[in-house]
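Note that this is a predicted model, so its numbers are computed, not measured. Lettering follows sequence order; numbering is per chain, from 1.
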Amino acid sequence: MMDKSFYSNDVLEVAPALVGAELVRTLPDGSEKRLLITQTEAYAGAADTACHASKGRTKRSETLYHAGGTIYVYLCYGMYWMLNIVTGRENDPQGVLIRACAGADGPGKLTRALSIDGSLNDRSILSCPELRIEPAAGEVNIITDKRVGINYAAPEDRDRLWRFILDARGQ
DNA sequence: TTAGTGATATCC
DNA sequence: GATATCACTAAA
């Protein structure tokens, strides 16, 4: 299910599908950490003014243009690494921000908890021993909401319900 | 509500 | 070369 074709689907399909999945991080010392993904956000290409690619292909956004399944990690506010999974086809700059996991309620805290940094940028989630994603065990209920921290975007993009949240009360 | 933090994009 | 901005967080 979570193979190359899965990640080459549209970001609006992949982002909700990653909610409830498990992020598995293997550290240099061999230990393993597993966190349930509880929130994702979709960033949908050059036409989405909230997406890094809306400013064109730059050194930072280069990774977003790569094939679905590529890991996109960048530094924000000088101290927080953001973890994204590229979706869609090559030269189609879309990506899913992993916003929160169980026990880590923010993208910066999440990467800190998993010791993720820029060294994982541009790797493939499909063939990366240090970081992989395992599919959700069963059905999950999802709530949608507006994306966070994108006040710089055009009003119509700010209002899109492209944040996907695991409904804990679900079942 | 605001300071902190530094890479990146954009402007001289 | 200089400046403004930023997919955030912790402390107040």
Side-chain angles (χ1 to χ4, degrees), chain A residues 7-23 25 33 35-125 128 130-131 133 142-167:
Chain A
Y7 291 105
S8 59
N9 288 321
D10 191 88
V11 67
L12 291 178
E13 228 176 294
V14 179
L18 287 180
V19 174
E22 232 179 7
L23 205 54
R25 166 73 164 142
K33 289 187 177 174
L35 287 184
L36 190 72
I37 298 173
T38 56
Q39 268 188 61
T40 63
E41 281 181 7
Y43 288 86
D48 173 11
T49 57
C51 184
H52 287 164
S54 65
K55 296 196 178 101
R57 192 165 183 155
T58 64
K59 191 177 176 189
R60 180 179 64 169
S61 64
E62 170 67 24
T63 309
L64 270 180
Y65 289 78
H66 295 178
T70 305
I71 302 170
Y72 173 40
V73 181
Y74 71 93
L75 190 66
C76 188
Y77 297 105
M79 43 182 129
Y80 302 111
W81 293 103
M82 301 288 128
L83 172 65
N84 302 251
I85 309 297
V86 177
T87 66
R89 306 167 136 267
E90 191 158 7
N91 295 317
D92 186 3
Q94 321 179 334
V96 180
L97 169 71
I98 310 296
R99 170 163 284 285
C101 281
D105 61 340
K109 292 160 89 172
L110 185 161
T111 51
R112 200 176 50 189
L114 292 178
S115 309
I116 287 169
D117 65 20
S119 65
L120 287 174
N121 186 44
D122 209 23
R123 305 279 295 277
S124 170
I125 194 81
C128 180
E130 291 97 331
L131 185 69
I133 293 178
I142 290 174
I143 306 167
T144 58
D145 202 348
K146 294 179 188 177
R147 292 178 287 179
V148 175
I150 54 162
N151 288 327
Y152 59 89
E156 65 267 27
D157 286 326
R158 283 202 299 257
D159 291 342
R160 296 190 198 287
L161 299 177
W162 285 354
R163 181 154 60 113
F164 304 96
I165 308 166
L166 181 68
D167 183 357

- prompt: Among A/V96, A/T70, A/V86, A/L18, which residue meets the side chain to side chain contact (heavy atoms under 4.5 Å, CB included) test with A/Y7?
  reply: A/L18

- request: Provide, to the nearest angstrom, the distance between the OH atom belonging to A/Y74 and the P atom belonging to C/dC8.
  value: 7 Å

statement: Within residues 150-163 of chain A, the residues having a heavy atom closer than 4.0 Å to DNA chain C are A/I150, A/Y152

- prompt: Of the residues in residues 92-120 of chain A, which ones touch DNA chain B at a heavy-atom distance under 4.0 Å?
  reply: none

field: Distance-minimising heavy-atom pair for A/A53 and A/P93
entry: CB-CB, 3.4 Å

message: Using the side chain to side chain contact (heavy atoms under 4.5 Å, CB included) definition, which of the options A/L131, A/D122, A/I116 pairs with A/I71?
response: A/L131

task: Provide, to the nearest angstrom, the distance between the CG atom belonging to A/N84 and the P atom belonging to C/dC8.
output: 11 Å

message: As a quick check of understanding, evaluate side chain to side chain contact (heavy atoms under 4.5 Å, CB included) for A/T111 and A/Y80, giving each step before the final call.
response: CA-CA 8 Å; A/T111 51; A/Y80 302 111; 5.7 Å; no

message: Requiring both pairing distances under 3.5 angstrom, list the stems that contain DNA chain C and are made of three or more consecutive Watson-Crick or G-U pairs.
response: B:1-4 with C:8-11, B:6-11 with C:1-6

message: Applying salt bridge (charged side-chain N to carboxylate O under 4.0 Å, His left out) to A/E41 and A/R99, what does each step give before you reach the verdict?
response: CA-CA 7 Å; A/E41 281 181 7; A/R99 170 163 284 285; 2.6 Å; yes

- prompt: Measuring from A/K146:NZ to A/R158:CZ, what's the distance to the nearest 0.5 Å?
  reply: 9.0 Å

field: Side chains of A/N121 and A/R60, donor plus acceptor under 3.5 Å
entry: no

- request: Calculate, to the nearest 0.5 Å, the distance between atoms CZ and CD1 belonging to A/F164 and A/I143 respectively.
  value: 12.5 Å

Using the 3.5 Å cut-off, write out each protein N or O paired with an N or O of nucleotides 1-3 of chain B and the distance between them.
none

task: Tell me, yes or no, whether the heavy-atom count around A/R25 atom CZ, taken from other residues, nucleotides or ligands under 6.0 Å, exceeds 12.
output: yes

task: Among residues two or more places apart or on two chains, list those pairs meeting salt bridge (Lys or Arg N to Asp or Glu O under 4.0 Å) that have a residue in residues 105-114 of chain A.
output: A/D105-A/K109

message: Just the rounded figure in Å: distance from P of C/dA7 to CD1 of A/I71.
response: 20 Å

- request: Go along nucleotides 5-11 of chain B 5' to 3' and tag each nucleotide: B for a protein heavy atom under 4.0 Å from its base, S when only backbone or sugar atoms are that close, - otherwise.
  value: BB-SSS-

